[in-house]
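Single-structure report; data block below.
Numbers restart at 1 for each chain; the letters A, B, ... are given by sequence-line order, proteins then strands.
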There are 2 protein chains.
Amino acid sequence: MGRRILEVDTCMELVVKSSARGRRSSTARTARNPEATKTQILDAAEEEFARYGLAGARTEPIAANTGVTKAMIHYYFGTKEELYQAVLKRQAALFHNAVEQIDVSDLSPEAALKKFLRLAVDYENTQPYHGKVLLHEAMTNEGKYFKLTGWEVPIGLGAAVLQRGVDEGCFRPLDPWLTMVHIMGVMSFYFNAANNLKQLEPLSDCQSPEAIENYADSAIAFVLAGVLKHSGPSHSMALE
Amino acid sequence: MGRRILEVDTCMELVVKSSARGRRSSTARTARNPEATKTQILDAAEEEFARYGLAGARTEPIAANTGVTKAMIHYYFGTKEELYQAVLKRQAALFHNAVEQIDVSDLSPEAALKKFLRLAVDYENTQPYHGKVLLHEAMTNEGKYFKLTGWEVPIGLGAAVLQRGVDEGCFRPLDPWLTMVHIMGVMSFYFNAANNLKQLEPLSDCQSPEAIENYADSAIAFVLAGVLKHSGPSHSMALE
DNA sequence: AGTCAAATTAACTTGTTAGTTAATTTAGTT
DNA sequence: AACTAAATTAACTAACAAGTTAATTTGACT
């Protein structure tokens, strides 16, 4: 029924998709561009997985946000699950790269921790899907692919800084790994729960840039207070 | 075909389910029991929604875990989305009840906060689906039904305790609502991310009761350190 | 022991979704 | 300008999932 008309419709849709919706990336794309296509698929997939997790994600909206047919997903990435793994791997590479940038070896534990915390906030803020995909991985996928993310590296670095602070006596006695978990909780919850938090009157503005900066200051102060040794009566706990 | 045999099968399944799997509740259930059926549906639905969120959840596994037909879900609760709302409402009622039990009005801010933190850990531990459903609500459902949970009450109570601590000078200057968010992050992340965390060598045992008790102590100490005033006159370290 | 309404089921319908396939388009090469 | 292989599409299939319905079972109350 109406084959010619269908073709015209399709043409117009394509125009709409590549101009009005403006999904197709800035990298030159006259018509075909496999690298750009793959990137767009990963971008759209990351957003979908961040919202719904592996099980809840649908491939059709991913394709729709990409301006390319659903079959392209399978052409380049195989199954939905393999696409998911590709998203995790790309996130891991990007994150690993960001962590590598910072050198903390000749900073005091306190300064080093502050640097880490700043990176953590900025990363959550600029890469809003990273943490959400990971949380879904834990909640809906039993952490099956968590190892693909290489997170043991940054957590280990953080724990080492904490341990150094304890050893040097500027941090209170604490379990460095558990404390890293507490810190990750502080650094991620605000972003992951924002859609709930914004419905609490005092936090209704929590997604504005100013509110986020305000949160960042508050969170960093909270964590520092949580690990620094309370001054006053001197603890003679040099060694444990 | 084999009506009698089918009846026998069904019977046996019921027996298996009510003893071995122990789903059918303790309230007497010879054959029909609408209240027990509704409870079982809510139980199974809560588990499914906690894992997959509203969008990702399937009604068939809910029915399968219930020992009752999928049609019963619609008979008692309507659509999947209405069932989801019913789960949220039941969680809210249970949680509200738990929060009501504690009276904090004649405790010091520090003691009051400790009491809240203990309740928070215990609740996450004994009601493992509560926090996960809420997080999914934020991440996959844009917090559409968050208000059904009545969480502004306990958060407001906590913020009031923090404000009292600031006013009385035992807590450092802090934003009580943001600090409540930090605290919620600390109190929930360990449980929500456990499936990831357990794959980190030092946390491989993180789900055992001893590990959870250990985490609880560490988390409470971290939060108290995070809010208490660092300098000043001698602390009455009643803790520990 | 029979009637009635609530509880429950099996089987169905209708819409979705992951993945496939065959045909078509295009860029680069000869 | 014809050839080729990669890129891309439209249309399809088979499985799944939400919700419906008509029939059946059961307990309670005559």
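- Look at CE on A/M72: it is 8 Å from C1' on D/dT9, rounded to the nearest Å.
- Among residues at least two apart or in separate chains, salt bridge (Lys or Arg N to Asp or Glu O under 4.0 Å) pairs with a member in residues 75-84 of chain A are A/E81-A/K144.
- No side-chain donor-acceptor contact under 3.5 Å links A/E47 to the backbone of A/D43.
- Using a distance-only test at 3.5 Å, with no hydrogens or angles considered, a donor-acceptor pair links the side chain of A/D175 to the main chain of A/W177.
- You'll find that the side chain of A/V68 is closest to D/dT9, out of D/dT9, C/dA10, C/dT17.
- Judged by distance alone with a 3.5 Å cut-off, a donor-acceptor contact links the side chain of B/K70 to the base of D/dA18.
- Proximity note for B/H74 (side chain, C-beta onward) versus C/dT8, C/dG19, D/dT20: the nearest is D/dT20.
- Look at CD on A/E35: it is 13 Å from C1' on D/dA6, rounded to the nearest Å.
- If you measure from atom CZ of B/R32 to atom P of D/dT26, you get 6 Å, rounded to the nearest angstrom.
- An OP1 or OP2 oxygen of D/dA7 is reached within less than 4.0 angstrom by a side-chain nitrogen or oxygen of A/Y75.
- Proximity of B/T59 to the phosphate of D/dA18: a side-chain N or O atom is located under 4.0 Å from OP1 or OP2.
- Residues from residues 76-91 of chain A placing a heavy atom under 4.0 Å of any atom in DNA chain C, listed by number, are A/T79, A/K80.
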Side-chain donor/acceptor pairs under 3.5 Å, residues 149-161 of chain B, sequence neighbours excluded:
unit_1, atom_1, unit_2, atom_2, d
B/T149, OG1, B/F146, O, 2.7
B/T149, OG1, B/W151, N, 3.4
B/W151, NE1, B/H130, NE2, 3.1

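- Nucleotide C/dC12 holds its C1' atom 13 Å from the CD atom of B/E60, rounded to whole Å.
- Between B/R58 atom CZ and D/dA17 atom C1' there is a gap of 7 Å when expressed in whole angstrom units.
- Residue B/A57 is classed as a sugar-phosphate contact, given heavy-atom separations below 4.0 Å to backbone atoms only.
- Ring to ring, B/F95 and B/Y123 are close: their centroids are under 6.0 angstrom apart.
- Taking atom CG of residue A/N33 and atom C1' of nucleotide D/dA7, one finds them 11 Å apart after rounding to whole Å.
- The end-to-end axis angle of the helix from C/dA1-D/dT30 to C/dT30-D/dA1, rounded to 10 degrees and based on five pairs per end, is 0°.
- Under the ring-ring contact (aromatic ring centres under 6.0 Å, His included) criterion, B/Y190 pairs with B/Y215, not counting sequence neighbours.
- Rounded to a whole Å, the CD atom of A/E48 is 12 Å from the C1' atom of C/dT17.
- Judged by distance alone, the side chain of B/Q199 and the main-chain N or O of A/G143 form a donor-acceptor pair under 3.5 Å.
- Considering all non-hydrogen atoms of both residues, A/L148 and A/A92 come closest at O-CB, 3.4 Å.
- A sub-4.0 Å separation between OP1 or OP2 of D/dT8 and a side-chain N or O of A/T37 is present.
- The ring pair (Phe, Tyr, Trp, His ring centres under 6.0 Å) pairs that include a residue from residues 70-93 of chain B are B/F49-B/Y84, where partners are two or more places apart or lie in different chains.
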